[in-house]
Amino acid sequence: MENSATAKLETLKEKEEKIFLQTVKRLLKNKLAVTGLVIIILQVIFAILAPLLVSYSPNQQNLSETNLGIGSSHHFLGTDNYGRDIWTRVVYGARISLIVGLSAVSLGLVGGLILGLLGGYYRRIDGIVMRIVDLLFAFPGILLAMLIIAILGTSLVNVVIAISVWSIPGCARIVRGSVLSIKKQEYIMAMKSLGASDIRILFKHILPNCTAPIIVFATMRMATAILSTSALSFLGLGAQPPTPEWGAMIAAGQDFMWDAPHMAIVPGIAIMLTVFAFNVVGDGLRDALDPNMEMNM
Amino acid sequence: MKNLLEVENLKVNFRTKKERLRAVRGISFSLKKGETLCIVGESGCGKSITSLSIIGLLPSNGEIAEGSIKLDGNELLGKTENELEIMRGNEISMIFQEPMTALNPTFTIGFQLREPLMIHKKMSKKEATKKSIELLEKVGIPNPVEKLRQFPHELSGGMRQRVMIAMALACEPSLLLADEPTTALDVTIQAQILELMDELKRQMGMGVVFVTHDMGVVAEIADRVMVMYAGEVVEIGDVDRIFNHPQHPYTKGLLGAVPNVDDEEHHLNIIPGSMPNLDDEISGCRFHPRCPYAMDICRKKNPTTFQVTSSHQSKCWLQEVTDVDRLHTTS
């Protein structure tokens, strides 16, 4: 009797996993999203295994082999004006982009979640929270980031802070919207009638209901974060030379556009592919997580 | 026997930008252990608001202006939110109208059923799961182990309402509030759920406040009936008194509006007009514009509550007339 019960529990556990698999399946039906996913996975692998994939160190100069073009015998993506291997630098650059993007988005999510949850749930502080968010929204994003960096000084850590602050208002609005609609549901009332406290309701019952929009937002935000990191570095506000950051590499390459265009083009393509990949995966996730889409497929 | 629930002169207001709306205008009633009180009335008469006031879950713009609500002699009004949270689900529970929306679609039945047990009884997840299986068996759900792993959308309406009942009764409350728990169910399921509630009530010796507008349900489940109109109690009494000797014209109207399939000649007697808005001030009795027996005094003075028998009260001037008649006949 006991055994059959536990066996049943296990088969049902599988069933639960099936729901997750359904989402994944729907995502995998979307060819564009799969392309993006492959690019992201490759990039993550490159970032993790960077030292194993290259034969140089990213800052190793070789003044006898400067400005080699694409397809040179030892440097298949060429070298820059100091003779540094561009493939090596792009691979290490993936590390920086992913780490900066990930930490900026996570920090922004934490801030946005707290503001959004509190604002959506407690009417009394909603006004204050949303005015702060409006204030943040009033600045063009990149300008806000530049302002923060101007105050804090130029460094990659400050870029993370700047971009995360910039991510807060968008996230807060999305979360607040979800909370506003969920808290009016009868099941929240039912939970209250069972004696659940506000905190319990907010984190245990409302938050899991807003995960879908948050996941989509975070993925799309990764693209923006990576792009802005590069933009800020290009402007000289983020990573400083000789850090192998993509934006900084483009900035260094722009002086040699005629002699060695690959110096700027290669990291440029890297940025483009990454941003493209995160955007299409975000799009795909939005479709896959929306149960209404099932009917259209 | 001692009263389980005593509500006295309860007044509930709603704040709007312009004014204060009086949703419940000073109602009093009591409930004994093991008794089912049905609150009947049209939509908007304040019956749901009354039950929400008892459990302390009025919407944020509602406030209890006056009165007292005592559970087992304990005053509930003026308790802090923390004290109320301990009471809710533990001593007072509530079942809602829509079993479709009263369960969280993102969680399994098991997750939701464990909540009250983990909140109040401080059970571990394992203990709570065990107890949940017992509870599901108690409310007559087949394959409880399997059901724990299922999501609300995988269950039928009747099954979901059983799960809601199991959740509400998990901590064996002494008072159960049911806000139209069978309205959204089809008739055969309705009968099953009513039977289940009646049986559980008897097993646990709870008091039940059952809000409904369905007279058929009232006849089936009530021990006593309280009829509400526009925020006031117009008549309260034992179920057979209300059905066989209704005193208030509104109660008579409600009973006349119940369709009768057996009698082909029978046609529905509707109550003309509609219920006044919350902000309509009506002089005298609030029912007089719709009342076929309205007298002069009804337009001028709000009737007091008359005792028809020791347990039967009616808030209507007609009562005074019959009292006077009775005096004449006896003298």
Side-chain angles (χ1 to χ4, degrees), chain A residues 1-20 22-23 120-126 178-215 289 291 294, chain B residues 51-52 55-57 59-61 81-82 84-108 110-113 115-120 129 133 143-154 163-164 167-171 173 176-177 179:
Chain A
M1 184 63 205
E2 277 277 296
N3 275 340
S4 71
T6 46
K8 236 177 209 169
L9 271 181
E10 262 155 35
T11 55
L12 286 156
K13 227 175 221 168
E14 279 164 26
K15 194 174 170 192
E16 223 169 279
E17 277 159 17
K18 260 186 201 155
I19 293 169
F20 171 74
Q22 269 172 10
T23 314
Y121 196 70
Y122 297 104
R123 267 182 80 184
R124 235 174 286 165
I125 54 173
D126 188 32
S178 305
V179 174
L180 276 181
S181 71
I182 293 165
K183 79 169 178 182
K184 290 200 189 97
Q185 298 290 324
E186 206 164 31
Y187 53 79
I188 297 302
M189 186 66 147
M191 266 302 145
K192 276 189 192 164
S193 81
L194 289 172
S197 62
D198 279 355
I199 299 292
R200 193 182 186 97
I201 286 173
L202 203 48
F203 286 95
K204 212 171 163 186
H205 296 273
I206 294 183
L207 184 57
N209 275 301
C210 357
T211 37
I214 293 172
I215 289 173
L289 287 168
E294 204 167 17
Chain B
S51 62
L52 289 177
I55 201 167
L57 285 176
S60 56
N61 61 338
E81 190 55 28
N82 272 340
L84 282 173
E85 270 165 19
I86 295 168
M87 303 213 61
R88 279 183 212 137
N90 210 2
E91 281 158 66
I92 313 177
S93 270
M94 188 153 183
I95 309 175
F96 293 86
Q97 180 172 0
E98 279 284 343
M100 300 292 163
T101 56
L103 288 169
N104 195 330
T106 38
F107 295 117
T108 59
F111 176 94
Q112 302 185 55
L113 203 44
E115 278 292 278
L117 296 165
M118 286 161 80
I119 293 170
H120 293 298
T129 308
I133 296 174
N143 299 331
V145 182
E146 195 173 322
K147 291 288 182 303
L148 283 183
R149 282 277 168 192
Q150 289 189 326
F151 286 89
H153 69 264
E154 297 175 87
V163 171
M164 287 300 304
M167 275 165 79
L169 301 186
C171 300
L176 178 69
L177 307 172
D179 190 353

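Chain identifiers are assigned alphabetically (A, B, ...) following the order of the sequence lines, protein sequences preceding nucleic acid strands; residue numbering begins at 1 within each chain.
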Is [Y] close to [X] at the side-chain level, that is, under 4.5 Å between some pair of heavy atoms?
{"X": "Leu52(B)", "Y": "Met189(A)", "result": "yes"}
{"X": "Arg200(A)", "Y": "Met118(B)", "result": "yes"}
{"X": "Phe96(B)", "Y": "Ser193(A)", "result": "yes"}
{"X": "Lys204(A)", "Y": "Phe111(B)", "result": "yes"}

Top contributor to chain B interface from Ser197(A), Ala196(A), Gly195(A) [non-hydrogen pairs under 4.5 Å]: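 Top option by heavy-atom pairs under 4.5 Å: Gly195(A).
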Contact leader toward chain A among Glu98(B), Met164(B), Met94(B), where contacts are heavy-atom pairs under 4.5 Å: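 The answer is Glu98(B).
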Tell me, for Met87(B) versus chain A, whether the close heavy atoms (under 4.5 Å) come from the side chain, the backbone, both or neither.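 Neither part.
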Taking side chain as everything from C-beta outward and backbone as N, CA, C, O, which of these in Ile55(B) sits under 4.5 Å from a heavy atom of chain A? Side chain, backbone, both or neither.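 The side chain, not the backbone.
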Where does Met191(A) contact chain B at under 4.5 Å (heavy atoms): side chain, backbone, both or neither?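 The side chain, not the backbone.
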Is the backbone N or O of Gln112(B) less than 3.5 Å from a side-chain atom of His205(A), with the two atoms forming a donor-acceptor pair by type?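 Not confirmed, His205(A) side chain does not pair with Gln112(B) backbone.
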Closest non-hydrogen atom pair, Pro105(B) against Tyr187(A):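 Closest approach of Pro105(B) to Tyr187(A), heavy atoms only: CD-CE2, 3.2 Å.
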Of all the heavy-atom pairs spanning Ala190(A) and Ala102(B), show the shortest one and how long it is.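 Here Ala190(A) and Ala102(B) meet closest at CB-O, 3.7 Å.
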Under the side chain to side chain contact (heavy atoms under 4.5 Å, CB included) criterion, do Leu194(A) and Glu115(B) qualify, and how do the steps go? CA-CA 8 Å; Leu194(A) 289 172; Glu115(B) 278 292 278; 5.6 Å; no
To the nearest 0.5 angstrom, please state how far the CG atom of Asn104(B) sits from the CD atom of Gln185(A).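 The CD atom of Gln185(A) is 8.5 Å from CG of Asn104(B), to the nearest 0.5 Å.
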